[in-house]
Amino acid sequence: MQVLHTKKEVREFRQKCQTLGLVPTMGALHNGHKSLMQESLANNSHTLVSIFVNPTQFSPNEDFSTYPRNLQKDLEFCESIGVSAAFAPNIEEIYPLDSHTQSTSARDETTLNPPHTMGYILEGFSRPSHFAGVLQVVLKLLCLTSPTRAYFGKKDAQQVLLIQKMVRDFFLPIEIVPCEIVRDTDGLALSSRNVYLSKKERENALCIPKCINLIHSQIQNGVTNVGTLQAMAEQNLQEVKLEYARFYSHTLQPLQEVQKGESIFLIAARVGKTRLIDNLWC
Ligand code: AMP
């Protein structure tokens with residue numbers, strides 16, 4: 001496996017790839033990331049995993065400085081899965097120093113505002129600058145690597161929908177592939193942030209996947225009224241500090257009735273200091 005650090009190395013690597021699958025990550029890799037890599041390996045001649053904790057998607061009060069980082073372990077993980085290359089740039093490689101001011105330009109570059117209808121609800125409501133930062137770094141990575149396909153988890157449902165929209169809006173010739181949510185044996189969706197949870201907090205957090213299962217079975221049994229389902233969810237999420245548990249369409253329009261195959265049930269909640277998200281594509 002090649003380990004790349006610079007844009008120049010990435011461009012040289014790209015020249016050798018017939019088709020390229022890009023898997024953008026922030027590291028602290030787990031089996032959720034692994035499933036994205038495997039999906040890419042199965043469908044492209046080469047797979048590139050980027051490992052970069054992107055500062056512009058964190059608000060000042062969030063966990064950018066403490067976000068789990070272990071590059072050596074991540075590189076071994078990528079190698080064990082058999083990806084062609086890992087791209088682990090430093091901040092200046094992605095956000096170069098401004099030649100005039102000599103300050104990091106991350107907060108003063110050309111940026112992208114997410115669409116109003118999709119970008120400022122749910123995650124974008126409590127984290128209003130988050131998706132601008134996500135789209136900024138993803139567009140940089142897509143432009144730099146010119147992948148054939150790029151792989152994103154359905155776990156971050158709003159994120160993958162916004163990235164698909166950006167790719168459509170800018171006519172980028174790249175296929176965005178949404179990948180299934182991978183869960184731990186106890187049902188909790190895998191996340192790099194799960195390491196923050198104490199044993200007790202983790203037990204409390206399990207009401208989230210349990211609620212997702214309950215909603216899934218209710219829908220299977222023919223319950224489609226969103227008011228009924230949301231009230232049921234709230235009843236079953238009392239061990240966490242619920243931020244939202246709501247149904248939206250795949251274009252993030254609010255729904256009155258679940259439209260099978262076109263709806264998402266999204267949850268965000270705090271458990272202690274940790275903020276968790278999960279969802280059901282239904
Ligand atoms: P992150 O490193 O958390 O930014 O995640 C990188 C990519 O992995 C994103 O596209 C995530 O949606 C995806 N991902 C994270 N956790 C999971 C999971 N449990 N199942 C599937 N994909 C995931």
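Counting begins at 1 with the first residue of the sequence. For the numbers below, each heavy atom of this structure counts, side chains included, while hydrogens, waters and symmetry mates do not.
- A side-chain donor-acceptor contact under 3.5 Å links Q57 and N54.
- You'll find the side chain of F152 reaches within 4.5 Å of the side chain of P24, heavy atoms only.
- With rounding to the nearest 0.5 Å, the separation of CG in L214 from CG in L229 is 8.5 Å.
- Remark: R193 engages D63 in a salt bridge (charged side-chain N to carboxylate O under 4.0 Å, His left out) (not counting sequence neighbours).
- A donor-acceptor pair shorter than 3.5 Å cannot be found between the side chains of N43 and R149.
- Salt-bridge check for D186 with K210: failed, with every basic side-chain N at 4.0 Å or more from each acidic carboxylate O.
- Using a 4.0 Å cut-off between charged nitrogen and carboxylate oxygen, E109 and K140 count as a salt-bridge pair.
- More than 12 non-hydrogen atoms from other residues, nucleotides or ligands lie less than 6.0 angstrom from CZ of F64.
- The aromatic rings of Y95 and F52 sit tilted, their planes meeting at an angle between 30° and 60°.
- None of V182, I181, I81, V23 except one satisfies the side-chain contact (heavy atoms from CB on, under 4.5 Å) rule with S35; the exception is V182.
- More than 12 heavy atoms of other residues, nucleotides or ligands lie within 6.0 Å of CD in Q220, so this atom counts as buried by the packing criterion.
- By the 6.0 Å and 45° rule, R270 does not stack over the aromatic ring of Y244.
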